[in-house]
Amino acid sequence: MLYLMAAFYIASGINHFWHTAAYTGIMPPYLPWPIALVYISGIAEVICGFLLLFNASRRLAAAGIIFLLIAVFPANVQMAINFAGNHNPYLWVAIFRLPLQVLLVWWAWYYYKNPK
């Protein structure tokens, strides 16, 4: 499961550079510099995913992932708001992502508490 988690965050981080517009489109309007924030979060996800692979840095990586999940939660809320306002048929996906964040935090917390 550790390798799956690491691959998930590395791929997700890379995706921030391939589909930047999708991420900037869900940035809450009160946040400045949306493109920079998308790139920063993408870089952070790649780094954390990579650092998960090593015992020595796993705890730091897990803490970073928890921080990232909390930091990007407003974007997930904004995505649900946008989808609801546009009558997007994938609104259910945006709503599903909100409680999924709790599961992802728990998964990272597991490796924070059990780095070896």
Which heavy-atom pair separates [X] from [Y] by the least distance, and what is that distance?
{"X": "A94", "Y": "A80", "result": "CB-CA, 3.7 Å"}
{"X": "P28", "Y": "Q78", "result": "CA-OE1, 3.7 Å"}
{"X": "A6", "Y": "G49", "result": "CB-O, 3.3 Å"}
{"X": "P74", "Y": "A71", "result": "CD-O, 3.3 Å"}
{"X": "M79", "Y": "R97", "result": "CE-NH1, 3.6 Å"}
{"X": "I26", "Y": "N82", "result": "CA-ND2, 4.0 Å"}

Do you reckon [X] sits in the same ILVMFWY cluster as [Y], going by side-chain contacts under 4.5 Å, direct or chained?
{"X": "F67", "Y": "M27", "result": "no"}
{"X": "I40", "Y": "F73", "result": "no"}
{"X": "V102", "Y": "W106", "result": "no"}
{"X": "I43", "Y": "L51", "result": "yes"}
{"X": "W107", "Y": "L2", "result": "yes"}

Problem set entry | N88 (side chain) donor-acceptor with Y90 (main chain) under 3.5 angstrom | yes
Do [X] and [Y] have side chains that approach each other closer than 4.5 Å (heavy atoms only, starting at C-beta)?
{"X": "N76", "Y": "L100", "answer": "no"}
{"X": "Y9", "Y": "I47", "answer": "no"}
{"X": "E45", "Y": "N15", "answer": "no"}
{"X": "Y3", "Y": "L53", "answer": "yes"}
{"X": "M1", "Y": "Y111", "answer": "yes"}
{"X": "I65", "Y": "Y112", "answer": "no"}

Return the [atom1] to [atom2] distance between [X] and [Y], rounded to the nearest 0.5 Å.
{"X": "L60", "Y": "L52", "atom1": "CG", "atom2": "CG", "result": "9.5 Å"}
{"X": "L68", "Y": "Q101", "atom1": "CG", "atom2": "CD", "result": "10.5 Å"}
{"X": "N114", "Y": "R59", "atom1": "CG", "atom2": "CZ", "result": "10.0 Å"}

Exercise. Under 6.0 Å from the CZ atom of F50, do we count more than 12 heavy atoms belonging to anything else shown?
Worked result: no
Exercise. Does anything in residues 25-44 pair up under side-chain hydrogen bond (donor to acceptor under 3.5 Å, both in side chains), and if so which pairs, sequence neighbours excluded?
Worked result: H16-S41
Problem set entry | Test side-chain contact (heavy atoms from CB on, under 4.5 Å) applied to L37 and Y23, step by step | CA-CA 9 Å; L37 291 174; Y23 289 95; over 6 Å; no
For this session: Under the side chain to side chain contact (heavy atoms under 4.5 Å, CB included) rule, collect the residues that match up with I70, sequence neighbours excluded.
Result: I66
